[in-house]
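Beneath this line is the structure, given in structure tokens, with notes to follow.
This one's a predicted model, so the numbers in the text were calculated from it and none came from an experiment.
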Amino acid sequence: MTQLFDQFYNFVGTDINHFPIFAIVTLFLGAFIIAIVGKLNKTLRNVIVFIVTIIPFLLMLSLIKPIMIDGGVINYWMGNWAPVGEWAIGIGLEVDALSLFFGLIVTLAVFIVAIYSFTYMNRDSSLENYYTLFLMLSGALLGLVLTGDLFNIFVMIEIMTMTEVALTAFRVDYDGALEGAMKYMVVGSLGSSTVLVGIAMLYSQLHTLNLAQIAASLPSHQNAVTAAAFAFLFIGFASKAFLFPFHPLEADVNAVAPASISMIISGVITKCGVYAIIRICYILFQNIELPAVSISVTLLGAVSCFICVTMAFNQHNFRRLLAYHSISQIGYVIMAVGLGSMFGLEAGLFHAVNHTLFKGLLFLTAGAVQYATGSADLDKLGGLVKKMPQTCALFLIGAASISGLPPFNGFASKWMIYQSVFEKASETGNFVYVIVVVVCLLCSVLTLASFIKVAQSVFFGQLNPEFNKPEVHEVPVVMQIPMWILAGLCVLFGVFPNFIQKYFLTPAATAAFNVTNYIDTMLGQGTAAKAGIQQTEIGTVSSIGCWQPVSWLWLLLIITCAVCLIAVLGSNDNKKHATALNAEEKVSDLVGVKQSGAGRLNNVAADASLKGVASDHLLSDQELIIISRDRTIEDEVLAGEDPKYENFFSGEKSEFSQVGGSDLFWGFKHDMRHYFNFQKDWHSGNVNDYTTYGVAAIAVTLVLAILFL
Amino acid sequence: MILVNYIASFFLIALGFYCMAVKKNLIKICIGMGIADYGANLLIVSVGFNPGGTAPIFTMSELTQASFFVDPVPQALTLTSIVIGACTTAMTLSLVIRLKEKYGTLQADQVRRLRG
């Protein structure tokens with residue numbers, strides 16, 4: 001096997017430098033080919049989509065050895081416009097381990113979504129447009145993470161925004177699709193303009209657009225303009241990662257886009273925002289070590305995390321709820337990235353890839369539910385476990401991962417985040433980090449609570465009679481394969497976190513700290529030293545010993561068994577008790593029938609009021625017997641169950657009383673109603689308000705940056 | 001005076017953002033997006049301007065150390081940015097047309113089925 005690899009790399013030789021551009025061009029080329037031939041033949045179209053999405057993934061995989069393991073950096077000058085006298089004129093691609101890490105996320109997600117789309121989208125018309133836009137979006141995302149040019153990043157962001165808007169509105173007749181697209185268009189263009197202004201300001205000071213050259217010359221050119229440029233760039237990229245206060249948009253967009261696109265938006269587009277933030281904070285401005293930047297970024301993450309997890313609590317739409325959770329998880333990532341420590345960055349990167357896996361899985365299961373039932377309304381769905389057992393199992397894996405249960409991947413990365421924040425808190429003694437630790441833990445609990453609610457509302461509980469028909473069944477195998485791939489990766493990443501850390505996280509995090517290498521590869525050896533950039537010391541990373549997924553799994557299993565045992569024993573006991581009660585009642589009924597006179601009237605009254613009969617004086621003995629018999633039958637039908645426990649919230653029987661999305665935690669919600677009302681008013685759905693929040697965020701960041709940088 | 005350009009460009013950007021944040025009419029919001037874009041374009045062009053410089057068009061033999069010209073890169077950027085701006089406007093207007101058909105209104109505060 002190793003020989004085979006060696007042979008491959010020998011065969012490729014230095015041509016491996018062309019792989020990144022091949023990967024990007026394949027996707028764009030695929031988009032144009034589909035535009036031409038997509039209409040002709042459905043099979044041909046699907047084959048082309050399959051080929052052009054798997055090739056970039058394979059190319060990225062083949063880059064793992066030279067970049068991740070050997071620690072190299074690939075640079076590629078488009079059109080061979082190599083730098084002249086240390087001035088980079090042309091556009092260059094620069095792929096270090098950080099870029100490759102995100103490149104792998106992008107290509108994997110794109111490949112999986114492509115397979116999923118074959119079946120998921122088959123009821124829609126004009127699919128050639130869908131695949132053209134989808135491949136352009138993928139190409140833009142890959143280009144964004146692999147490029148080494150700041151303006152190129154802007155162009156890719158714009159392509160991304162356009163195609164994303166078009167894809168959101170793809171199902172034009174779906175309620176709200178146009179609205180979500182319109183809102184994202186307006187506020188997204190606010191973010192894009194901000195990025196453009198930031199780039200212009202940076203260019204005015206440094207007269208270059210190459211990332212490596214900016215990184216080399218920025219430390220000696222720090223002034224108010226570059227500080228403002230940092231603020232503009234940061235907010236622009238934060239708007240692409242949908243961080244607070246841009247989070248309502250992601251909910252709007254994800255609730256109405258096709259589920260496959262939702263996975264791309266929440267799993268990949270937000271990651272590209274995170275990538276850009278890491279790039280500017282760690283490589284370009286190298287200011288993440290400053291306490292002001294570090295604290296602001298971490299707090300931004302914590303605020304996004306908390307607000308979105310509470311917003312998710314109130315949602316009645318499956319995908320809207322998932323969308324809020326996705327920003328909550330991105331909040332975790334940004335929180336860890338903002339710490340500026342090696343371990344923090346590793347934790348953030350790990351959570352980023354895990355988030356793509358489990359949130360992708362959850363969105364795909366939501367899509368599967370919608371595909372089968374045609375609804376994503378938590379108040380309408382229910383009891384689908386009988387209809388769609390596999391989808392339910394997949395959903396539970398995803399839910400366990402996102403809630404951080406061992407042995408799934410969410411547990412491993414959340415553990416790393418807790419540890420890194422904790423270390424930072426003890427290192428700096430800053431009280432802010434203590435609050436952040438508390439917020440972290442609180443959000444994790446709320447995430448679990450909210451997924452219990454979703455599981456109850458969608459898969460367990462009563463089946464809505466509307467869906468109790470043969471048309472509602474398990475989704476086709478082609479749709480299940482991508483979900484099982486994601487679920488398998490969720491488990492693998494959770495069971496072997498050390499492997500992932502060794503081969504992926506540590507190289508990527510090291511690359512983010514290794515600014516000199518980044519500059520030297522691009523502009524020639526010694527450039528960084530000439531510019532006065534010191535080789536940063538890269539700290540070693542050690543995880544504290546308690547992180548043992550398997551032990552935690554045993555603990556979890558034991559506790560689950562204990563709870564189940566109690567539940568089983570308890571239910572038996574209840575039954576006996578109820579049967580005994582029943583028997584007593586029957587006896588008393590019979591006695592009541594045999595009795596005559598005033599004494600029996602009481603009993604009659606009790607029966608009559610139960611049945612809602614208005615008068616008890618006119619009842620003859622015969623009627624009484626009928627009533628009593630009815631009641632006995634009813635008791636038998638109930639088979640010893642007290643109607644009080646029929647459902648979660650009421651003692652009344654009804655045709656279909658699904659636990660609505662709002663009812664499982666109604667007590668908690670009632671207690672927090674002022675907060676929830678405030679949140680609801682604040683997320684008004686008006687595009688003007690969202691723009692105002694964005695402008696306010698720009699203003700605040702600008703003031704902060706000029707004050708502190 | 002190049003300072004006028006900078007002031008004007010930031011004024012335009014602020015005006016555009018104001019338009020997007022305050023105006024209720026979707027068409028006006030679209031115009032606001034355009035204005036903010038033009039502000040950014042003006043900023044980029046101004047950044048590359050050298051007082052007294054010539055147009056950056058030379059053949060290899062004409063180019064000497066003494067040639068003094070304006071920075072060509074921002075002009076290329078501005079061209080790209082103008083194209084993107086045109087796309088944005090077209091896309092937004094097409095969405096507005098469909099929204100008007102579907103919701104029967106152009107008022108932004110009435111287009112809010114997705115909220116909370």
Heavy-atom pair count under 4.5 Å with chain A, highest-scoring of L77(B), V73(B), I44(B), V111(B):
L77(B)

Any cation-pi pair here, R113(B) with Y103(B), using under 6.0 Å and within 45°?
yes

Measure distances from A181(A) to the heavy atoms of chain B and classify the residue's part below 4.5 Å as side chain, backbone, both or neither.
both

Is the closest side-chain heavy-atom distance between T310(A) and Y675(A) below 4.5 Å?
yes

Does the side chain of P51(B) come within less than 4.5 Å of I2(B)'s, by heavy atoms?
no

Where on I159(A) is there a heavy atom nearer than 4.5 Å to chain B: the side chain, the backbone, both, or neither?
neither

Pick one of side chain, backbone, both or neither for E179(A), based on which atoms fall under 4.5 Å of a heavy atom in chain B.
both

Between G188(A), S684(A), S189(A), which has the largest tally of heavy atom pairs under 4.5 Å with chain B?
S684(A)

I want to check something: taking the side chain as every heavy atom from C-beta on, are L26(B) and T105(B) in contact at a cut-off of under 4.5 Å?
no

Is it the backbone or the side chain of V172(A) that comes under 4.5 Å from a heavy atom of chain B, or both, or neither?
both

Is the shortest side-chain heavy-atom distance between F246(A) and I235(A) below 4.5 Å?
yes

Among D71(B), V96(B), D37(B), the residue with the most heavy-atom pairs under 4.5 Å to chain A is D71(B)

Please check if the number of heavy atoms outside Y18(B) that lie under 6.0 Å from its OH is greater than 12.
no

Against chain B, work out which of V186(A), I199(A), N314(A), V187(A) has the most heavy-atom pairs shorter than 4.5 Å and name it.
V186(A)

Atom group of F154(A) that falls short of 4.5 Å from chain B, counting heavy atoms:
side chain

In terms of heavy-atom proximity below 4.5 Å to chain B, should A166(A) be classed as side chain, backbone, both, or neither?
both

Side chain, backbone, both or neither: which part of I29(B) has a heavy atom under 4.5 Å from chain A?
side chain

Turns out that what part of T88(B) lies under 4.5 Å from chain A's heavy atoms comes down to both

Walk me through whether V45(B) and F49(B) qualify under side-chain contact (heavy atoms from CB on, under 4.5 Å).
CA-CA 7 Å; V45(B) 174; F49(B) 178 68; 5.9 Å; no

Toward chain B, the part of I89(A) with a non-hydrogen atom under 4.5 Å:
neither

Any side-chain heavy-atom pair of R320(A) and L114(B) under 4.5 Å
yes

Could you tell me which portion of Y324(A) (side chain, backbone, both or neither) has an atom closer than 4.5 angstrom to a non-hydrogen atom of chain B?
side chain

When H207(A), Q679(A), K183(A) are compared by non-hydrogen pairs under 4.5 Å with chain B, the top option:
K183(A)

Side chain / backbone / both / neither for F151(A) at chain B, heavy atoms under 4.5 Å:
side chain

Taking the six-membered ring for Trp and the single ring otherwise, decide whether the centroids of F242(A) and Y184(A) are under 6.0 Å apart.
yes

Between N688(A) and K23(B) (side chain of the first, backbone of the second, donor and acceptor by atom type, cut-off under 3.5 Å), is there such a pair?
yes

Engaged part of V197(A) at the chain B interface, taking heavy atoms whose separation is under 4.5 Å:
both

Which atoms of D252(A) come close to chain B, meaning under 4.5 Å heavy atom to heavy atom: side chain ones, backbone ones, both, or neither?
both

Under 4.5 Å from a heavy atom of chain B, the part of M182(A) involved:
both

Keeping S262(A) on the side-chain end and N254(A) on the backbone end, is there a donor-acceptor pair under 3.5 Å?
yes

Can you tell me which of T194(A), V155(A), D173(A) forms the most heavy-atom pairs within a distance under 4.5 Å of chain B?
D173(A)

Rounded to the nearest 0.5 angstrom, the CG-OG distance for L43(B) and S9(B) is 4.5 Å

